[in-house]
Amino acid sequence: MDKTDATTAFAALSQPTRLDVFRLLIKAGKTGHLSGEMGQLLGIRQNTMSTNLNILLRAGLIRNEREGRAVRYFADMDGIADLINFLLRDCCGGDDEQCAPILQAALCTNECIPKS
């Protein structure tokens, strides 16, 4: 991932509806969601959902799979990992101890992340 790809990903996530969709797909994990399901869950019209899904797809943050006439969407874990790796490249001048809290948070389950 380069700077252009990273800024595209951040721009995609900088809009509240797209951030909600992205977080919903992260939560769904391997099962993902159909576009219509997400629209119902988030109260978003279908044409608005399609536009936002296409922006997230082009940013490399989500992926889709056709299921007959329907399309199921998933968080693209490889794309997300590329973005995180771009952000943490050369982290802390090689001082692993400074980066440890970031890496632990990224690998942690919900139980180990304090609720604020």
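Note that the structure is predicted; figures quoted are calculated from it, not measured.
- When hydrophobic clusters are built by joining Ile, Leu, Val, Met, Phe, Trp and Tyr residues whose side-chain heavy atoms come closer than 4.5 Å, directly or via intermediates, F74 is not grouped with L57.
- The distance from atom OG1 of T17 to atom CG of L53, rounded to the nearest 0.5 Å, is 11.0 Å.
- The line from CG of N52 to CG of N47 is 10.0 Å long, rounded to the nearest 0.5 Å.
- Rounded to the nearest 0.5 angstrom, I55 CD1 and S50 OG are separated by 11.0 Å.
- If you chain together hydrophobic residues whose side chains sit under 4.5 Å apart, I26 and L83 fall into the same group.
- Put simply, the side chain of L87 reaches to within 4.5 Å of the side chain of F10, judged on heavy atoms.
- For R45, the CZ atom is loosely surrounded, since the number of other residues' heavy atoms within 6.0 Å does not exceed 12.
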Mind listing the side-chain donor-acceptor pairs of residues 58-65 below 3.5 Å, one per line with the distance, residues two or more places apart or on another chain?
{"residue": "R63", "atom": "NH1", "partner": "E65", "partner atom": "OE2", "Å": "2.8"}

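- A 4.5 Å side-chain heavy-atom check between L13 and F22 finds at least one atom pair inside the cut-off.
- To the nearest 0.5 Å, atoms CG (D82) and CG (D76) are separated by 8.0 Å.
- Listed for the S14 side chain is a donor-acceptor partner under 3.5 Å among the backbone atoms of A11.
- Heavy atoms only, all atoms of each residue included: V21 and M38 are closest at CG1-SD, 3.9 Å.
- Not counting sequence neighbours, the partners of S35 by the side-chain hydrogen bond (donor to acceptor under 3.5 Å, both in side chains) test are Q46.
- For the atom pair CG (L25) and CG (D20), the distance works out to 11.0 Å, reported to the nearest 0.5 Å.
- Across every non-hydrogen atom of D2 and F86, the tightest pair is C-CE1, 3.8 Å.
- Residues E37 and R72 form a side-chain contact, since some pair of their non-hydrogen atoms from C-beta on lies under 4.5 Å apart.
- Between the side chain of Q15 and the backbone N or O of R18 there is at least one donor-acceptor pair closer than 3.5 Å.
- A distance of 8.5 Å separates CG of L42 from NE2 of H33, quoted to the nearest 0.5 Å.
- Counting only distance, with no hydrogens or angles, the side chain of D5 and the backbone of M1 share no donor-acceptor pair below 3.5 Å.
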